[in-house]
Amino acid sequence: QVQLVESGGGLVQPGGSLRLSCAGSGRDFSIYAMGWYRQAPGKQRELVARIGSYGNTNYLDSVKGRFTISRDNPRNTVYPQMNSLKPEDTAVYYCNAAVERGWNWGQGTQVTVSS
C-alpha cells in the first residue's frame, strides 16, 4: 500500500552537492518520523538522518554539518540536502519511516561521489 520513490541521485565530484527527494503515497508522512538511509557496497544499511514529526533532527556523526534533512508535509516529501560530498558518501540512498516497524523499501537512488 505504501509507496516510496527516491530520486535525485547521480554522479557528483567531491565537494559537490545533491538534493535527494523521497515522495510517498499510502501513508501520511507528517505523523511519522522519517529517515534517510544508505547502503554502500559491502556494508549494511545505515540511518543517515532522521526528522521527527515535530521537526527535530538527528544525523550520523559523519554527515553532521554537511547534510540537512527536511520535510514538506503538504507534498508528502522528505529531502536531504547533501553538501561537501565525499567519496565515502557513495551509496544507494533510501527513505523510510524511522520507526521500528518500517515500510517496504523503495528502489533507492544511487549517489556516486567521484572525481
Side-chain angles (χ1 to χ4, degrees):
Q1 185 67 23
V2 61
Q3 298 179 24
L4 298 168
V5 180
E6 300 93 343
S7 62
L11 176 63
V12 63
Q13 294 185 350
S17 297
L18 286 172
R19 190 178 77 155
L20 309 182
S21 296
C22 172
S25 63
R27 295 290 188 277
D28 180 1
F29 282 9
S30 70
I31 64 173
Y32 295 93
M34 297 295 297
W36 277 95
Y37 304 76
R38 68 186 181 190
Q39 187 166 27
K43 296 184 177 181
Q44 68 181 46
R45 186 151 32 206
E46 63 182 349
L47 179 63
V48 177
R50 177 188 184 275
I51 184 166
S53 61
Y54 192 67
N56 52 301
T57 58
N58 304 92
Y59 300 92
L60 274 184
D61 286 344
S62 62
V63 307
K64 286 181 179 177
R66 300 190 297 117
F67 290 12
T68 303
I69 187 170
S70 62
R71 64 197 307 163
D72 185 342
N73 288 333
R75 296 182 184 273
N76 224 39
T77 302
V78 183
Y79 311 93
Q81 176 65 47
M82 309 191 298
N83 298 327
S84 302
L85 284 162
K86 303 175 180 180
E88 307 91 89
D89 297 317
T90 296
V92 179
Y93 284 72
Y94 304 85
C95 66
N96 212 323
V99 297
E100 184 172 348
R101 183 182 176 271
W103 307 322
N104 290 339
W105 299 100
Q107 78 283 2
T109 186
Q110 175 73 50
V111 171
T112 302
V113 185
S114 176
S115 298

Nearest heavy-atom neighbours spanning N83 and S17: OD1-OG, 2.9 Å

So CZ of R45 and CH2 of W105: to nearest 0.5 Å the spacing works out to 4.5 Å

Under 3.5 Å, side chain of N76 to main-chain N/O of G24, donor-acceptor pair present? yes

Taking atom CG of N56 as the centre, does the number of heavy atoms from other residues, nucleotides or ligands within less than 6.0 Å exceed 12? yes

Please say yes or no: joined through hydrophobic side-chain contacts below 4.5 Å, possibly via intermediate residues, are Y37 and L18 part of one cluster? no

In Å, rounded to the nearest 0.5 Å, how long is the span from CG of L20 to CD of Q81? 9.0 Å

Nearest 0.5 Å, please: how far is NZ in K64 from OG1 in T57? 9.5 Å

If I compare all heavy atoms of L85 with all of V12, which pair ends up nearest, and what's the gap? CD1-CG1, 3.6 Å

Does T68 reach the side chain of Y79, with side-chain heavy atoms less than 4.5 Å apart? no

Checking side-chain contact (heavy atoms from CB on, under 4.5 Å) for the pair S53/I31: CA distance, chi angles, key distance, verdict? CA-CA 6 Å; S53 61; I31 64 173; 5.8 Å; no

So, for F67 and W36, is the gap between ring centers shorter than 6.0 Å? no

Check for a donor-acceptor pair, side chain of T90 on one end and backbone N or O of V113 on the other, with a separation under 3.5 Å. yes

Taking all atoms of both residues into account, what is the closest heavy-atom pair of P74 and D72, and its distance? CD-OD1, 3.1 Å

Do you know the tightest heavy-atom contact between G35 and A98? N-CB, 3.8 Å

Do the non-hydrogen side-chain atoms of L11 and S114 ever get within less than 4.5 Å of each other? yes

Please check this pair: side chain of Y93 against backbone of G8, looking for a donor-acceptor N/O pair closer than 3.5 Å. no

Kindly compute the distance separating CE (M82) from CZ (R66), expressed to the nearest 0.5 Å. 9.0 Å

Just say parallel, tilted or perpendicular for the rings of W103 and Y32, cut-offs at 30° and 60°. perpendicular

Same apolar cluster (I L V M F W Y, side chains within < 4.5 Å links), V78/V111: yes

Say whether, by atom type as modelled, one donor and one acceptor occur between the side chain of R101 and the main chain of A97 under 3.5 angstrom. no

Is there a continuous path of hydrophobic side-chain contacts, each under 4.5 Å between heavy atoms, that joins V2 to M34? yes

Working to the nearest 0.5 Å, report the span between CD of Q39 and CD of Q110. 11.0 Å

Verify, without hydrogens or angle tests, whether R71 (side chain) and F29 (backbone) share a donor-acceptor contact under 3.5 angstrom. yes

Apply side-chain contact (heavy atoms from CB on, under 4.5 Å) to residues R27 and Q1 and explain how you reach the verdict. CA-CA 8 Å; R27 295 290 188 277; Q1 185 67 23; 3.8 Å; yes

Co-membership, hydrophobic cluster, residues Y94 and L47, 4.5 Å side-chain: yes

Supply the atom-to-atom distance N73 CG to D28 CG, rounded to the nearest 0.5 angstrom. 7.5 Å

For a quick test of reading the model, state the closest non-hydrogen atom pair linking E6 to L4 and the distance between them. OE1-O, 3.8 Å

